Structure formats: C-alpha cells, structure tokens
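The next block holds one structure in the form of structure tokens; read it before the comments.
All values derive from a computational prediction rather than experimental measurement.
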Amino acid sequence: MSGKIGINYGREGDGLPSPYESIQIMKSMKVGQIKLNDSDPEILTLLSGTRIHVAVTVPNDDIIQIGSNETYAEQWVQKSFIPHYPNTLIRFVLVGNGVLNSGLDGNRTMLYDSLLPAMRGIKNSLNAHGVRNVKVTTTLAMDVLQMSFPPSNGTFRSDISGTMMPRMLKFLNGTKSVLFLDVYPYFAWSANPTNISLDFALLRGNLTQTDPGSGLVYTNLLDQMLDSVTFAIEKLGFRNIRLAISRTGWPTAGDIDQIGANIYNAATYNRNLIRKMTSKPLPGTPKSPGVIVPTFISSLYDESRKIGPETERHWGMLHANGTPVYEIDLTGSRNMSDYKPLPPADNNVPYKGKVWCEVAPWVNEVSLPSALSSVCSIDNQTCAALVPGGACYEPVSVVWHTSYAFSSYWAKYRSQGAICSFHGLARETTADPSKFSINSD
C-alpha cells in the first residue's frame with residue numbers, strides 16, 4: 001500500500017474545473033492517491049497511465065442489487081472496473097459509504113444485510129478475472145463505536161458487534177484487506193472543546209495523554225480515534241486488520257456557531273497530518289507502530305452543493321475555481337517555517353451572542369414559496385405569527401416570511417439537531433431579521 005498522501009476528489013460544486021483540469025491540478029500538487037465517490041469512467045480513463053493510485057466507490061444505492069446476486073457484482077466489475085484496469089492503478093474498491101452509520105436513512109435492514117454479500121460478490125468477480133491485488137472493503141464512520149475513550153475502551157455498537165462486524169472483519173482478514181474509516185478530529189474537538197485541547201486535535205504534538213487501560217501514550221487525537229477502533233476490533237478476536245483513513249481534514253469556514261472552522265486551523269491540521277503520515281520511519285499509531293495508514297484528505301475543492309451546516313461546503317484545499325485556499329505540500333518535504341503567515345483564527349472559542357436563521361442573500365426568490373409552505377406545515381406554531389393580522393405578517397414579503405419561518409423552526413428544533421440550512425436556502429446571522437424588516441418597511 002502506498003504511503004503517499006491521497007485526496008478525496010468530490011465534485012458536488014458549481015463551476016469546478018473539468019476532470020481533465022482537475023487531474024492536471026492534482027498532478028501538479030503531487031497527489032499520490034485519489035478517492036472517488038463513484039467509478040466515473042471519464043475520470044478513470046484520464047487517470048490511465050499515471051502513477052496515481054485510485055480508490056473507487058460502489059454507491060449505497062447499488063448495494064442491495066449487487067448483494068442480491070453475484071451476476072450483478074460481475075456486471076459492475078465488467079462495466080466499472082475491467083475497462084480501466086490495470087492501466088489505471090485502481091487499488092481499492094469501497095463498497096458503500098457509511099452503511100453502518102447510526103444515522104443512516106432508508107431501508108437500513110436490507111442495506112445492512114446486502115453489504116457483505118456485495119463485497120464478497122465483487123471480490124469473487126475480481127478473483128475470477130485474475131485480479132488479486134485490489135482490496136475490496138467499505139467505509140465506516142466513527143459512530144460505529146459505542147465507546148471510544150480512552151482508546152482501550154473502544155467497543156462497537158451493540159447493534160452491529162454481535163453479527164455484522166464479526167462477519168465483516170472475517171472477510172477483511174481472509175482477503176488481507178483494510179478497513180476504511182472517516183476520522184475527523186474536528187468534530188470530536190468541536191463537540192467538546194472544554195475537555196479536548198485544540199493543540200491535541202491539530203496534531204501539534206506538544207501534549208501527551210496516557211491511556212490508563214493500556215499504558216499507551218498519545219500525542220494527538222487522531223491516533224486516539226484510530227486506536228479506539230483497533231481495540232474494538234481486537235475485542236471481537238481479530239488482531240491483524242489494517243486501517244486506512246478514507247476522509248479526514250478540517251473545515252476552513254462554517255456557521256457562526258461552528259467553533260474553530262477557519263483557514264488557520266485547517267492549514268495547521270493538514271500540514272501536521274501530512275508531516276506525520278509521510279515521516280520516516282513510519283510512525284503508525286501507539287497501538288500499531290511502524291505501519292502505513294493510507295490517508296485521503298477531504299477534500300480537493302470546496303463543494304457548494306453539499307447539504308448541511310456551512311462547514312460541509314468548506315473542506316477544500318482549493319477554491320471552486322482551482323486556486324489554493326492555503327499553501328500545502330502533500331509530499332511532506334516542506335518545512336513549516338517556509339509557509340507564508342496564515343490569517344489569524346478568530347472563532348476558536350464558542351460564540352456567545354444571539355444567532356438567527358434567515359434566507360441567504362444569494363437565493364432565487366422563486367424557490368421560496370415551496371420552502372415556506374414546507375416549513376409551516378411541520379407544526380401549527382412555527383408560522384402562527386405570519387397569518388394576516390398576525391404579529392409578524394408585515395411586511396408582506398416572501399423573503400421576510402420565509403426568514404421568519406426558518407428562524408422560528410430553527411429556534412424550536414435546534415436542540416434536537418436542526419440546522420440552519422433548509423437545503424441551502426438559509427444562513428445564520430447575528431442581525432435580528434425582525435428588526436431589519438421593520439426598518440425596511
């Protein structure tokens with residue numbers, strides 16, 4: 001397996017460079033590996049003849065069919081793999097993304113039951129074609145763990161630890177494959193910034209923590225997260241399963257109440273990550289020293305069409321036009337002192353002021369009536385003040401009414417996990433929209 005740094009090449013953005021341009025950009029950045037969220041034939045053809053290792057993904061929507069019959073697995077291999085291999089250096093086939101996540105929507109039972117048969121079917125098909133050096137695996141998120149701290153307490157969730165995980169680990173062990181994990185110290189730190197040091201999350205290496213159960217000494221949060229999975233795997237009787245990082249990184253911007261999402265932290269994290277993963281001798285982790293951990297940074301571009309909190313659209317090392325958000329050397333050979341100064345971080349502590357939700361200024365008003373109707377239909381109270389004669393009926397404006405509805409809904413359901421996004425139509429603001437509407441009237 002390659003120890004060169006990889007990148008997630010996501011394409012959920014407007015105005016992104018073409019696949020050809022993107023691959024030229026990645027070549028200039030000396031990207032060692034590329035992870036795709038699909039098996040796009042144009043991209044795989046363009047990567048033919050390069051020395052870049054590639055991880056392709058079987059989308060979740062295809063898993064149930066592929067898992068139902070090995071004929072479908074063979075069809076996928078014939079269509080998506082054989083035309084490109086070996087001229088394109090495909091090294092991993094990732095069957096699904098986060099299929100075992102605790103918050104996955106859809107027909108969970110059928111997807112769970114189909115995952116391993118789909119992995120096995122694709123592996124058998126590859127073997128039948130004489131392809132034996134390509135790893136077939138899947139991608140999991142850290143929420144597969146029920147306990148993760150300290151690392152020696154790592155334990156899989158009870159709903160998957162008895163059946164699903166042992167069977168999957170047996171397959172990975174038997175095929176000498178690796179387990180891919182989304183590992184984001186940013187989310188762990190931002191959820192608990194009081195008890196987790198920012199320096200520890202940013203891999204600065206200036207702090208240590210000792211695991212009381214194992215005695216292992218940790219200098220960063222990433223290693224703790226990886227080892228918690230290794231300990232969980234060992235509890236199920238497997239001791240030689242290798243790990244890879246399918247996605248990691250740090251957002252450069254976020255909502256007002258999203259702590260620590262800034263360029264300074266993002267550049268610091270990714271530079272330290274690259275230095276760690278490319279250092280010699282190989283560091284591995286305290287639990288698994290001296291091993292290669294294939295690592296794919298998220299992501300190449302900021303992706304404007306991603307849904308969710310503002311951070312979702314700001315993981316890129318490059319802007320949507322292909323220019324750098326910050327300087328980065330993926331080879332790990334550049335000294336930290338050689339980088340230009342970064343803009344100072346100004347949101348590393350939680351925002352204490354009031355925040356409202358409003359219609360984003362770039363939104364086309366044509367899309368607002370249906371959004372307003374949808375939000376107001378959720379419960380009777382969200383839009384009660386917007387009825388004719390109501391306290392907030394004036395001014396009669398679809399933008400104002402929708403902003404009120406967004407803010408009303410968000411205030412009521414924020415504690416239950418609601419976010420100020422509304423499919424990309426909303427943004428957070430520190431200015432009370434009701435005061436603005438009154439002044440403008």
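I307 is not listed as a side-chain neighbour of E12, based on a closest heavy-atom distance of 4.5 Å or more. Contact of the R242 side chain with the K176 side chain is not registered, since no non-hydrogen atoms from C-beta on lie closer than 4.5 Å. The side-chain heavy atoms of Y269 and P185, taken from C-beta on, include a pair separated by under 4.5 Å. When side chains are defined from C-beta on, S125 does not count as touching I122, because their heavy atoms never get closer than 4.5 Å. Residues V398 and T402 form a side-chain contact, since some pair of their non-hydrogen atoms from C-beta on lies under 4.5 Å apart. Taking 4.5 Å as the limit, some side-chain heavy atom of K35 sits within range of a side-chain heavy atom of R247. Residues I63 and V95 have side chains in contact (heavy-atom distance under 4.5 Å, counting atoms from C-beta outward). Looking at heavy atoms from C-beta onward, D182 lies out of side-chain contact with M142 at the 4.5 angstrom threshold.
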TODO: Please report the C-alpha distance between L243 and I245 in whole Å, then the side-chain angles of each, then the deciding distance to 0.1 Å, and finally whether the side-chain contact (heavy atoms from CB on, under 4.5 Å) criterion is met.
DONE: CA-CA 7 Å; L243 301 181; I245 299 175; over 6 Å; no
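Ionic pairing of D227 and K287 is not present here: no N-O contact between side-chain nitrogen and carboxylate oxygen is shorter than 4.0 angstrom. A salt bridge links R334 with E327: the distance from a Lys NZ or Arg NE/NH1/NH2 to an Asp or Glu carboxylate oxygen falls below 4.0 Å. A salt bridge between R11 and D38 is present, with a side-chain N of the basic residue lying under 4.0 Å from a carboxylate O of the acidic one.
For the residue pair N97/T139, the side-chain donor-acceptor check at 3.5 Å is not satisfied. In this structure, a donor-acceptor pair under 3.5 Å is absent between the side chains of S177 and T175. N262 and N348 share a donor-acceptor pair across their side chains, judged by distance under 3.5 Å alone. For the residue pair N321 / T323, a side-chain donor-acceptor distance below 3.5 Å is found, with atom types taken as modelled. Between the side chains of S18 and E21, a donor-acceptor pair is found at a separation under 3.5 Å. Between the side chains of Q146 and T155, no donor N or O sits under 3.5 Å from an acceptor N or O. Counted by atom type alone, Y339 and D329 present zero donor-acceptor pairs between their side chains at under 3.5 Å. Between the side chains of Y218 and T210, no donor-acceptor pair of N or O atoms lies under 3.5 Å. A donor atom on one side chain and an acceptor atom on the other are not found under 3.5 Å apart for S298 and N8. A donor atom on one side chain and an acceptor atom on the other are not found under 3.5 Å apart for Y9 and S299. Under the 3.5 Å distance criterion, with hydrogens and angles disregarded, a donor-acceptor pair is assigned to the side chains of N192 and N195.
Taking the six-membered ring where the residue is Trp, W189 and Y186 present tilted rings, their angle falling between 30° and 60°. Taking the six-membered ring for Trp and thresholds of 30 and 60 degrees, F180 and F296 have ring planes inclined between 30 and 60 degrees apart.
N265 places a side-chain N or O within donor-acceptor distance of the main-chain N or O of G260, the cut-off being under 3.5 Å. A side-chain donor-acceptor contact under 3.5 Å links D211 to the backbone of S152.
Residues passing the ring-ring contact (aromatic ring centres under 6.0 Å, His included) test with F406, sequence neighbours excluded: F422. Shown here are the salt bridge (charged side-chain N to carboxylate O under 4.0 Å, His left out) partners of D257, two or more places apart in sequence or in another chain: R414. Taking E310 as the reference, R313, H314 meet the side-chain hydrogen bond (donor to acceptor under 3.5 Å, both in side chains) condition, with sequence neighbours excluded.
Ring centroid separation for the pair W315 and Y184 comes in under the 6.0 Å cut-off.
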